[in-house]
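A short worksheet on the structure shown next.
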Amino acid sequence: MTAERPPILDIRGLRKSFHHLEVLRGIDLAVLPQELVFIIGPSGSGKSTLLRCCNRLEEPTSGSIRVDGVDIMAASTDINAMRRRIGMVFQSFNLYPHMTALGNVALALVKVLRKPRVEAEQSALTALDRVGLAEKARAYPAELSGGQQQRVAIARALALEPKLMLFDEPTSALDPELVGSVLNVMRELRRAGMTMLVVSHEMRFARDAADRVIFMDHGAVVEEGSPEQIFAQPRESRTRAFLAELTR
Amino acid sequence: MDRGFGFLDAFFKWELIERYFPTIMQGMAVTIEIAAAVVLTGISLGLLLAVARSFRVLPASALIVLFADIFRALPPLVLVLLVYFGLPNVGINLPSFAVLWLVLSLVLAAFCEEIFWAGILSVPKGQWEAARSTGLGFLGTLIYVVLPQALRLTVPPITNRTIAITKNTALGTVIGVGEILNQATTAQSFSGNATPLMMGAIAYVMLFIPVVALGRFLETRFSWRRA
Amino acid sequence: MEAIGQQFFNLAIMERALPLLLMGLRQTIVICLIVIPLGLAGGLAFALLSRTSLSPVRWAAVVAIDFFRAVPPLVLLIFVYSGLPFAGLRPSPFAAVGIAFLLNTSSYYGEIYRAGIESIGLGQWDAARSTGLTLSQTLAYVVLPQAMRNVLPDLVSNTVEVVKLTSIASVVALPELLYSADMARSVTFNSSPLVLAAAIYLIMLWPIVRLVSRLERRIAT
């Protein structure tokens with residue numbers, strides 16, 4: 001495996017316990033620049049927790065996580081500055097209901113990047129345009145469909161120009177006919193060269209767009225490989241069982 | 001060292017604690033009795049009025065709203081003084097504790113009526129329609145379908161308001177009801193020492209902290225989530 | 001019937017008592033103008049302190065909120081006014097009222113704020129923090145605006161309570177509205193001044209009480 005390009009995300013020996021429950025049992029994972037890595041696995045396997053450790057929304061119990069070369073666990077690391085480089089998209093969108101779409105996207109630009117309001121709104125508008133929602137800039141979340149809300153959420157993360165984007169089941173809360181619009185945006189991001197780590201059940205999307213697929217179960221990586229390897233010829237029986245369940 | 005002892009002596013003199021313990025206990029009994037009576041009559045009357053309002057008979061509803069507005073807008077102490085000093089002059093002589101109970105019950109009833117009414121309104125129309133379409137009468141629908149749902153929502157505000165009103169039993173001291181504060185201030189002026197006052201404050205705290213804790217527990221159990 | 005009119009609605013007595021009552025009203029308003037803003041600020045401080053990660057501070061704030069909500073305001077007032085002199089402090093009626101009311105209203109407002117902040121879903125915190133906003137920025141721009149909007153009826157309703165609370169100051173002879181009215185009553189042996197005071201309270205508070213009902217109903221449905 002050529003290591004000319006250092007990984008954007010480098011996880012070694014990550015462990016996470018909630019009280020006595022061990023949710024992550026020593027995860028090693030590296031995501032290279034512009035890779036789209038897909039994580040699949042049954043619920044309770046720790047996929048979400050893994051994602052949330054990457055920007056320290058959950059505090060890892062032990063192990064190391066380096067983002068763009070910086071150890072995010074180090075005491076000297078400014079976690080807020082770190083979070084600007086990592087974009088996160090949530091299953092439940094979590095848009096701010098009291099602000100317009102433009103306001104949602106621009107807030108961090110103004111408060112975190114300290115851009116002047118006019119410049120921030122311009123950047124926000126650009127981000128909204130990238131997800132195809134420029135004309136909805138003045139709408140409130142309550143006036144948008146689920147798919148539109150999620151796309152605004154993606155724009156919100158995108159506007160900070162992150163090096164890495166984390167997607168935690170981005171389409172699981174959407175009605176089936178709205179899923180496509182969000183996946184298209186994600187495909188577009190991939191084409192533009194974004195590094196992405198995605199937890200999702202959308203297998204067809206994984207087959208088309210993922211560079212690598214990782215199967216997790218009970219807090220550990222069971223198997224990883226290219227989509228063809230994992231979907232067509234999984235080595236482990238647990239992987240086979242999981243895939244069989246899904247395609248029933 | 002000396003000042004410290006003086007403080008203890010002024011607020012926690014043991015012999016006074018011993019001497020006035022029974023009186024403070026008496027006060028507690030009176031406070032609890034009146035509070036319990038107020039809670040019973042206040043909440044029942046409030047519920048009755050809300051149910052009456054749901055019949056949507058205009059003159060009755062208007063009167064209920066008038067009552068609720070006035071008794072929520074006026075300070076309880078004003079009402080206590082009005083009733084206590086005014087009624088004897090028109091021939092009605094009520095003992096102090098009755099005056100206190102009457103006023104506080106009416107005030108609690110006014111607040112409870114509004115809370116229950118909001119609860120009833122918040123039950124979706126569909127519930128009424130479904131129940132009526134199965135042949136259930138108005139009162140039956142109210143009692144078996146609407147109120148159970150409405151009441152669940154009202155637990156936190158009802159508890160909060162009840163706690164607030166029962167604390168107003170302290171106002172009884174102004175008209176001579178023998179509740180905690182009255183006993184405490186009387187003992188304080190007799191003894192020239194603040195220990196009875198301290199005992200009174202502690203008695204109230206012991207009485208109400210569990211109640212407040214219960215209120216918070218009920219509130220999280222039946223959380224009224226907004227928007 | 002005649003007796004009721006004489007006892008409660010004696011216009012001549014009301015007219016004579018009015019100037020005194022209006023002075024009392026002014027005192028009532030002064031108390032409100034001081035206690036309400038300070039209480040709102042103090043309440044916010046209490047609420048924020050009750051969420052800090054420093055255990056002793058958080059514990060102290062929660063205990064304070066519960067304690068001052070458990071003690072009846074009249075008891076607190078009497079304690080400050082009659083009890084503190086035994087500890088060497090001799091507050092004036094106005095100061096005693098100020099201290100007691102401030103402690104009481106801060107804890108009530110504090111509880112309202114606290115419940116409001118708690119009702120904002122964790123997802124909002126997650127989203128804001130994940131874009132790099134600090135804890136205080138998240139609080140200021142994302143959580144508090146939503147929390148305030150949610151608890152506005154409670155805040156207004158509690159403010160009405162504070163205005164009503166001023167009537168208790170009459171017990172320590174602070175010449176606010178009720179004290180003035182009661183003074184007029186004892187001098188004339190007639191309850192009409194009290195009715196007049198009640199009318200003044202109604203004029204001040206009835207519109208707000210209606211407003212609160214409407215706000216509460218809009219949120220409940």
Residue part contacting chain B, namely of Glu161(C), when any heavy atom lies under 4.5 Å: side chain
Structural part of Val62(C) lying under 4.5 Å from a heavy atom of chain B: side chain
Region of Phe189(C) in contact with chain B, defined by heavy-atom distances below 4.5 Å: backbone
Contacting moiety of Val212(C), where chain B heavy atoms sit under 4.5 Å: neither
Ala197(C) portion near chain B, given a 4.5 angstrom heavy-atom threshold: neither
Residue part contacting chain B, namely of Ile4(C), when any heavy atom lies under 4.5 Å: both
Result block: side-chain N/O donor-acceptor pairs under 3.5 angstrom for residues 75-94 of chain B, not counting sequence neighbours:
{"residue": "Asn89(B)", "atom": "ND2", "partner": "Phe85(B)", "partner atom": "O", "Å": "3.4"}
{"residue": "Asn89(B)", "atom": "ND2", "partner": "Gln7(C)", "partner atom": "OE1", "Å": "2.8"}

Engaged part of Val71(C) at the chain B interface, taking heavy atoms whose separation is under 4.5 Å: both
Structural part of Phe79(C) lying under 4.5 Å from a heavy atom of chain B: both
Close approach to chain C in residues 104-113 of chain B, criterion heavy atom under 4.5 Å: Phe111(B)
Structural part of Ser170(C) lying under 4.5 Å from a heavy atom of chain B: side chain
Ile168(C) versus chain B, the contacting section by heavy-atom distance below 4.5 Å: both
Main-chain N/O of Leu74(C) paired with Lys167(B) side-chain donor or acceptor, under 3.5 Å: no
Option in Val174(B), Asn193(B), Thr185(B) with maximal non-hydrogen atom pairs under 4.5 Å from chain C: Asn193(B)
Contacting region of Gln6(C) [heavy-atom separation from chain B under 4.5 Å]: neither
Test item: Gln188(B) and Phe86(C) side chains (from C-beta on) under 4.5 Å apart, heavy atoms: yes
